[in-house]
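Contents: one structure, followed by commentary.
In the text below, chain A, chain B and the rest are named by the order of the sequence lines, each starting its count at 1. Atoms considered below: every heavy atom in the structure, side chains included; atoms not considered: hydrogens, waters and symmetry mates.
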Amino acid sequence: MGLAKRIIPCLDVDNGRVVKGVQFVDIRDAGDPVEVARKYDEQGADEITFLDITASHEDRETMVHTVEKMASEVFIPLTVGGGIRTVDDIRKMLNAGADKVSINTAAVFNPEFVREASERFGSQCIVVAIDAKKVSGPGEEDRWEIFTHGGRKPTGFDAIEWAKKMADNGAGEILLTSMDQDGMKNGFDLGVTRAISDAVSIPVIASGGVGNLQHLVDGVKGGGADAVLAASIFHFGQHTIPEAKQFMVAQGVEVRD
Amino acid sequence: MNTVAVIDYGMGNLHSVSKAIEHVAPEANVLVTSDASLIREADRVVLPGVGAIRDCMAEIQRLGVDELVKEVSQDRPFLGICVGMQALMQHSEENSGVDCIGLLPGQVKFFGEPLIEEGERLKVPHMGWNRVSQAQVHPLWQGIDDGERFYFVHSFYVAMEQSKYVMGSSHYGKPIDAAVGHENIFAVQFHPEKSQHSGLALLKNFVQWNGQV
């Protein structure tokens, strides 16, 4: 092998500030997004994901300016998500300097949007974000469903079938968040990560639930993820990116050092 | 004034390329343009590109960029990036087969599905940081370690007809020609503008390169 597993710090941005909530409540301020991105770039992050969680999406221009500023200072891939609903939203973000956009809710309401976007801009810049929650009961065969609106609204779609459909529609990558685990610091849901990673031929980013460095290794080894995304363990100084990479190397995971 | 023209043919995010060049060469005049006269006047030219080759080639031909590329790549430092590298080849297997500019003798091939290495299925696109072995000494590798990682994102790869054109190689299920060159032309499959220190070093070398090897 030669390809390194990627470590992606995620910046949840609300009204121009990096925040991190526990299951989308209890938000703590973690700083200015451009400064935070620069810090991760210096530490050797492999990519940066930037999710706009501003509820209203009234202030899209703030986001565009932040992306512009970030892209002129940070020379690693930048993914932007949150409220991407139209081809024009995508064009705006790519023109501002994003390399990829992450589509979530809009894909659920209109799966053809993913096809349209990938045909227009290329699969390489279309990430489909999937928020999955386990819906099977104890003793039943594992089953996960996709949810929207920060994990509040069920859609009735099976997560694995959905991931396959999104890959068929031209997604270049899947950003998989386990809603049961998000913010809980208990590790990724390895069951759904492995199931989706095995089901699709495109790369899968595991997200949601990282509380320690072993969880990153588990996402790759147990979950089969190509990249691991985390927020709070990095934002609040619990670990640095180099510490994460050292730990992963020691566990036999190939990373960019 | 050192003028660098980044050819704009309407495909993808060209600003990251121009921002990265501006970052390493603040004194350079970096233009993102489709204006043939400005491109002809530039000291050096970059052909970037992302997305599907069919759409890229359609725009390249519609705007006459193919003829312009053949002309300006004669006599000054010229850098192709990603699909901008693939476009320099003779033919691509993507989109059921597309003829490219044909500046360099090489083919663009699909990775294959499934792509297997050591019993493990590899994902396509090849996305992320992979090692590039320097196949030949070249001014654009100056200060960059052999085997350094660069950021790739592609589903089709370049295979040159002769190894003399291969400047760097990488491996993802199969060997791929990650950097190619001929005289004043250099082209890379990876994205130097997104490859942090190693990529910025390559861009800096390009801005200082006199086109000689």
Side-chain angles (χ1 to χ4, degrees), chain A residues 1-8 41-42 44-48 67-78 90-91 93-101 118-127 167 170-174 197-198 200-205 224-227 254-257, chain B residues 11-20 22-24 49-56 82-83 111 113-115 117-118 120-133 147-155 170-173 175-176 178 191-200 203:
Chain A
M1 268 298 285
L3 189 65
K5 299 296 179 185
R6 289 169 280 154
I7 298 182
I8 309 176
D41 175 48
E42 282 165 12
D46 298 311
E47 290 188 30
I48 287 178
V67 171
E68 268 171 5
K69 192 148 187 284
M70 203 178 281
S72 59
E73 295 183 35
V74 173
F75 301 102
I76 56 175
L78 175 62
I90 299 176
R91 184 180 296 113
M93 286 307 167
L94 295 180
N95 283 342
D99 298 286
K100 311 180 201 178
V101 292
S118 63
E119 281 176 0
R120 176 68 187 83
F121 302 103
S123 289
Q124 84 292 332
C125 68
I126 305 299
V127 181
E173 200 171 29
I174 301 277
S197 186
D198 285 349
V200 298
S201 64
I202 56 176
V204 173
I205 305 166
D226 302 281
E254 186 165 358
V255 298
R256 176 177 73 109
D257 44 25
Chain B
M11 300 301 291
N13 167 22
L14 307 174
H15 292 274
S16 56
V17 175
S18 64
K19 292 284 179 215
E22 282 166 8
H23 185 80
V24 296
V50 294
I53 192 77
R54 181 187 53 207
D55 297 346
C56 285
C82 195
V83 176
F111 269 115
E113 172 66 56
L115 182 66
E117 185 165 273
E118 292 171 6
E120 193 189 336
R121 187 188 59 156
L122 302 182
K123 301 298 181 76
V124 176
H126 173 216
M127 186 185 286
W129 299 79
N130 206 338
R131 294 188 183 282
V132 176
S133 308
E148 185 62 85
R149 289 184 189 274
F150 290 87
Y151 187 82
F152 289 82
V153 50
H154 62 126
S155 300
S170 195
H171 201 275
Y172 191 63
I176 59 175
H191 287 272
E193 76 280 12
K194 289 291 159 184
S195 297
Q196 217 203 15
H197 303 307
S198 47
L200 294 176
L203 290 174

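Most heavy-atom pairs under 4.5 Å with chain A, from the set B/H197, B/R131, B/H23: that is B/H23. The residue among A/I202, A/L78, A/D257 with the most heavy atom pairs within less than 4.5 Å of chain B is A/I202. Chain B forms more heavy-atom pairs under 4.5 Å with one residue of A/G44, A/P77, A/S118 than with any other, namely A/P77. Of the residues considered (A/E119, A/E47, A/Q124), A/Q124 shows the highest number of contacts with chain B, using heavy-atom pairs under 4.5 Å.
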**Q.** Derivation and outcome, side-chain contact (heavy atoms from CB on, under 4.5 Å), residues A/D226 and A/E173
**A.** CA-CA 10 Å; A/D226 302 281; A/E173 200 171 29; over 6 Å; no
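Rounding to the nearest 0.5 angstrom, the gap separating the CD atom in A/E254 from the CG atom in B/N130 is 7.5 Å. One distance of note links OG of B/S16 with CG of A/D99; it measures 5.5 Å at 0.5 Å rounding. Considering CD of B/Q196 and CD of A/E42, their distance stands at 9.0 Å, rounded to 0.5 Å.
Heavy atoms of A/E68 lying under 4.5 Å from chain B are absent altogether. Residue contact with chain B, scored on non-hydrogen atoms closer than 4.5 Å, involves the backbone and the side chain of A/S197 alike. For A/D46, the parts lying near chain B are the backbone and the side chain together; criterion is any non-hydrogen pair under 4.5 Å. Of the atoms belonging to A/D41, heavy atoms from both backbone and side chain fall under 4.5 Å from chain B. Residue A/R256 touches chain B through both its backbone and its side chain, counting heavy-atom pairs closer than 4.5 Å. Contact annotation for A/V255: only backbone heavy atoms (N, CA, C, O) come within less than 4.5 Å of a heavy atom of chain B.
Considering only residues two or more places apart in sequence or on other chains, B/H154 meets the ring pair (Phe, Tyr, Trp, His ring centres under 6.0 Å) condition with B/F111, B/H126, B/F152. The salt bridge (Lys or Arg N to Asp or Glu O under 4.0 Å) check on A/K69 picks up A/E73, with sequence neighbours excluded.
You'll find the side chain of B/Y172 stays beyond 4.5 Å of the side chain of B/E117, heavy atoms only.
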